[in-house]
Asks: 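Next up is a structure, given as structure tokens.
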Amino acid sequence: MASSSVQDLLPPSLDSTSQPPSLFDGTTRLYINYQCPYSQRVWITRNVKGLQDMIKLVPIDLQNRPDWYKEKVYPKNKVPSLEHNNKVIGESFVLVKYVDYNFEGPSFMPDDQEKQKFAEELIAYSDTTFVPEVYRSFAKDARKLAGAQFDYLEKALHKFDDGPFFLGQFSQVDIIYAPFIERFHVFMPEGFNYDITTGRPKLAKWIEEMNNLDGYKQTKVLEQEKMVEYYKNRFLPKA
Ligand SMILES: N[C@@H](CCC(=O)N[C@@H](CS)C(=O)NCC(=O)O)C(=O)O
């Protein structure tokens, strides 16, 4: 018998023709989209904490969204969202913390106060600066402007030397950055002939170490060519 790939094990995406799950029946559900980097953050958290049986994945087709998602689950009509204890909450950075603090499994925030402070700084930096600046750079001088953002990460990775991750040991910070670094690492060589790891040994090592984590590996974008095409269409000037 052929061995099953990660893709075979993933539930199919629900679309406008799909019935809703039996909402608020006590099941904890994580609504995601397989291509969405924000969803991926929470999906990684669920996996690395070993919560595969406690938090059910419900993938949504965003191009052909079921009406019930906005009407009955999450009025903001975005993913990710989490149905838990008769409530639905959203926003990936809120959910990463929520899943880390409210469910069993290893904790991904160290007790050390200096590390906690640095974690908050890096987590805030991600969506206020790192992600928007790299996206903005694609229309300008990507190699220089995005380069400055990857330099920031390289410097941050030098701060703690008790492991290859942002706080030394694997933490929420790695989870927050991983989906975006993954996409930029694939897209920038294609779009700008630019390898984000060149001259950045800590970042190169970080990517290597992340790729050793099964809970992360299972969430990685499967259709990389599609992702690159999407980025090209969205961010590069039309020929
Ligand atoms: N700030 C949100 C962003 C979530 C987000 O933008 N999700 C996208 C998919 S990656 C979405 O649901 N888009 C659908 C829409 O905006 O209609 C978070 O961190 O969770």
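Along the sequence shown, residues carry numbers from 1. What you are looking at is a predicted structure, and each value in this text was computed from that prediction instead of being measured. Just so you know, ligand 1 is whichever comes first in the structure, and atom 1 is the first atom listed for that ligand.
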Asks: Using a 4.0 Å cutoff against the non-hydrogen atoms of Arg65, which atoms of ligand 1 qualify?
Replies: 14 (C), 15 (C), 17 (O)
Asks: Relative to the heavy atoms of Leu62, which atoms of ligand 1 are at a distance of less than 4.0 Å?
Replies: 9 (C)
Asks: How far is atom 19 (O) of ligand 1 from its nearest protein heavy atom, and which residue and atom name does that atom have?
Replies: Ser92 OG, 2.6 Å
Asks: Looking only at protein heavy atoms, which one is nearest to atom 7 (N) of ligand 1, and what is the separation?
Replies: Val79 O, 2.9 Å
Asks: Of all residues at least two apart in sequence or in a different chain, which pass the ring pair (Phe, Tyr, Trp, His ring centres under 6.0 Å) check with Tyr194?
Replies: none
Asks: Please classify the Asn33 to ligand 1 contact at 4.0 Å (heavy-atom distances, strictly less than): side chain, backbone, both or neither.
Replies: neither
Asks: With a 6.0 Å cut-off on the ring centroids, do Phe160 and Phe166 count as close?
Replies: no
Asks: Would Tyr125 and Phe130 count as a close aromatic pair, with their ring centres under 6.0 Å?
Replies: no
Asks: Looking at atom 16 (O) of ligand 1, what's its closest protein heavy atom, distance included?
Replies: Lys78 NZ, 3.2 Å
Asks: Per the side-chain contact (heavy atoms from CB on, under 4.5 Å) rule, which among Val88, Thr28, Val42 passes with Leu82?
Replies: Thr28
Asks: In terms of atom number and element, which parts of ligand 1 are under 4.0 angstrom from non-hydrogen atoms of Glu91?
Replies: 1 (N), 2 (C), 18 (C), 19 (O), 20 (O)
Asks: Between Phe170 and Phe108 (judged by ring centroids, cut-off 6.0 Å), do the two rings come close enough to count as a pair?
Replies: yes
Asks: Cation-pi check, Arg41 to Phe180: give yes when NZ or CZ is under 6.0 Å from the six-membered ring centre and within 45° of the ring axis, no otherwise.
Replies: no
Asks: Starting from atom 9 (C) of ligand 1, which protein heavy atom do you reach first, and at what distance in Å?
Replies: Cys36 SG, 3.4 Å
Asks: Not counting sequence neighbours, which residues clear salt bridge (charged side-chain N to carboxylate O under 4.0 Å, His left out) with Asp61? List them please.
Replies: none
Asks: Look only at interatomic distance and state if Tyr38 has a nitrogen or oxygen under 3.5 Å from any nitrogen or oxygen of ligand 1.
Replies: no
